[in-house]
K.L.:
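Sharing a structure, written as structure tokens. Questions coming.
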Amino acid sequence: MLGAATAAGACARGSQPAADLIVTHGAVWTGERGQPDATGVAIVADRIAAVGTADDIERWHGPNTRVVDAGGRRVVPGFNDAHVHFVDGGRQLDNVDLKDADSVQEFAQRIGNRAKSVRQGEWVLGGDWDDQRWTPAQLPDKALVDPLTPATPVFVNRYDGHMALANSIALRLAGVTAKTPDPPGGTIVRDPHGNPTGVLKDAAMNFVAKVIPPLTREQRTRAVKRALEHAASIGITSVQDMNPEYDDVAVYAELANRGELTTRIYAAPLETGWQDFAKIGVHRSFGSAWLRVGAVKGYADGSLGSTTAYFFQPYTDAPSTRGLLSDEMQSIDEMRSRLVGADKAGLQLCIHAIGDAGISYILDLFADVTRINGARDRRFRIEHAQHIAPKDFDRFASLGVIASVQPYHAIDDGRWAERRIGPERIKTTYAFRTLLDKGVRLALGTDWYVAPLNPMLTLHAATTRATLDGKNPNGWVPEQKITIGEAVAAYTSGSAYAEFQEAEKGTIARGKLADLVVLSDDVFSIPPARIKDVQVMTTIVGGRVVYQR
Ligand SMILES: [Zn+2]
């Protein structure tokens, strides 16, 4: 009897198998060129079996088919965030939150409060403070937090991750004193007497970072689960995880084996470890539909907010510097030989580059890699690609480099970027329109934890360029806006292309993985200013409903 019931369930109409799940009454944006909007989707196991009209889909409706009634709402492919720091994001959900601390007093108070609640020996971490919110804008000083944290080490980062403030206990544990020299690629900020203020920039952060006790497996797993839950609730069905620790990947693998991932992960550990992958023959996009490896992530420079992004010309508001090349780039020849080696092994290269000179150097290196290893479909990526020299757009296109960009940074930095780099350079800053017009492929993401993971904020940013301070309601450098259709495509099929998965996901099409999202409002027809308030009603990953509002 059981066998007969199963057979009937699998067979709705003659030889037509029944769907496990159907989505009905949707306004389905498939992302497929030439495919008209559909109203329904039929899913068998983890794949899309049919996309079409109500009649087309009803034929798949069997007795055991689960129905998700979209109620006329917009259905889109699941969002694929091409650049996240997934474990840091998950931890951030539990960390001290300084992002909206609007004064140094508030900043110090929140750290003090957090210190009271952590267990003995634990650190106060996270933060994401933003000195540009304070009046006057000033770097914090450990003297502010020392009295409030007499027994707790504190190491709180600026929101861009390129500076952090350590309190005196943390500096002592790290052995940083007035006598400690600046490391290559980093700065110990000092007072007029030469004593460290607690602020460490870029490579100098390593002094403290390396004495923070590593996460236990249990803490790491908890962070991943928090991140997965958050991603599901906002329609993120795939993430591309930049420079995870190997232990993070081990947790993903464990969860993947247990069938507990609800977001697909492509992990790109640091390029300095490329041989670890090459030794066992792992190459780009190797793995399962849930977990892939085979990309490596590197750094060319720092960030605009920390004045460490590397430019051809000095900073407008800090004329003594034009930024810093990363420690990885301190010998460009060594960087080149690592990138050539990694590429030769079939690994994909994803390099963080923000300043125009940092980007230009990486394009040079990518050209070298191509010349040395020969032409093939390798999909180089520049992560962030924020400030592009006008001469370099064509090189982006001709080398086939993907611009992996985070529009939310544009509306955040847009508050102060012109002060920092002047009126000329901002014309090709976060230049999404120019990139598309030049034929460069975009992959969209957030850089979460650095920016919020919510894809609606990114779509809003890309289409409005309305800065967070409300001062540019019609857009900051408005000629660089892109349309909502372009933004959604870049966030779905564009990001899938960036991980060599465009045949598997990124559009709603027969045969592809059944990753889709029902939205509360139609992002394609509401005014762009309202996109940021759109909610996710349902998230489906691999045919499973992983979130329902
Ligand atoms: Zn990042």
Side-chain angles (χ1 to χ4, degrees), residues 79-93 95 99 125-130 157-164 185 201-203 205-206 209 223-224 227 230-231 236 238-245 248-249 263 265-273 295-306 308-310 323-329 348-355 358-359 362 380-387 401-413 430 442-455 457-458 461 491 495 498-499:
F79 294 98
N80 181 337
D81 193 313
H83 187 123
V84 299
H85 302 281
F86 206 57
V87 169
D88 288 334
R91 294 185 74 196
Q92 184 192 56
L93 297 169
N95 273 339
K99 177 125 198 174
L125 297 170
D128 302 321
W129 47 271
D130 180 0
N157 57 281
R158 191 174 189 272
Y159 75 99
D160 63 4
H162 290 274
M163 285 193 224
K201 292 189 179 186
D202 285 292
M205 294 192 297
N206 294 336
V224 174
H230 182 52
I236 299 288
S238 291
V239 294
Q240 302 178 38
D241 192 32
M242 293 294 134
N243 46 279
E245 294 176 32
D248 299 342
V249 183
T263 303
I265 301 175
Y266 185 36
L270 276 183
E271 58 82 16
T272 47
V296 289
K297 160 81 185 298
Y299 285 88
D301 60 357
S303 77
L304 189 70
S306 296
T308 50
Y310 193 58
L324 291 172
L325 282 175
S326 67
D327 43 356
E328 285 168 67
M329 291 282 278
Q348 186 182 14
L349 306 180
C350 314
I351 312 294
H352 162 125
I354 288 183
I359 291 168
I362 295 303
F380 290 130
R381 299 167 51 148
I382 290 186
E383 303 299 320
H384 311 305
Q386 280 175 209
H387 314 282
V401 178
I402 295 161
S404 171
V405 298
Q406 299 81 33
Y408 190 88
H409 288 341
I411 64 167
D412 195 345
D413 294 8
Y430 297 105
L442 294 187
L444 257 55
T446 57
D447 207 8
W448 188 54
Y449 66 97
V450 181
L453 186 63
N454 183 348
L457 302 180
T458 290
Y491 223 150
S495 295
E499 56 162 324

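What you see is a predicted model, and the numbers here were worked out from it, not measured in a lab. Read the numbers this way: they start at 1 and go in the same order the structure lists the ligands and their atoms.
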K.L.:
What protein N/O/S atoms sit under 2.8 Å from the Zn ion (ligand 1), by chain and number?
P.N.:
His83 NE2, His85 NE2, Asp447 OD1
K.L.:
Give a yes-or-no answer on whether the side chains of Tyr299 and Asn243 include a donor-acceptor pair shorter than 3.5 Å.
P.N.:
yes
K.L.:
So which heavy atom on Tyr430 is nearest to which on Ala410, and how close?
P.N.:
CG-CB, 3.4 Å
K.L.:
So does Asp128 pair up with Arg158, basic N to acidic O under 4.0 Å?
P.N.:
no
K.L.:
Who pairs with Thr272 by side chain to side chain contact (heavy atoms under 4.5 Å, CB included), at least two apart in sequence or on another chain?
P.N.:
Leu270, Glu328, Arg338
K.L.:
Mind listing the closest non-hydrogen atom pair of His85 and Met242 along with its distance?
P.N.:
ND1-O, 3.0 Å
K.L.:
List the atom of Gln240, the atom of Ala82, and the distance in Å for their closest heavy-atom pair.
P.N.:
CB-O, 3.4 Å
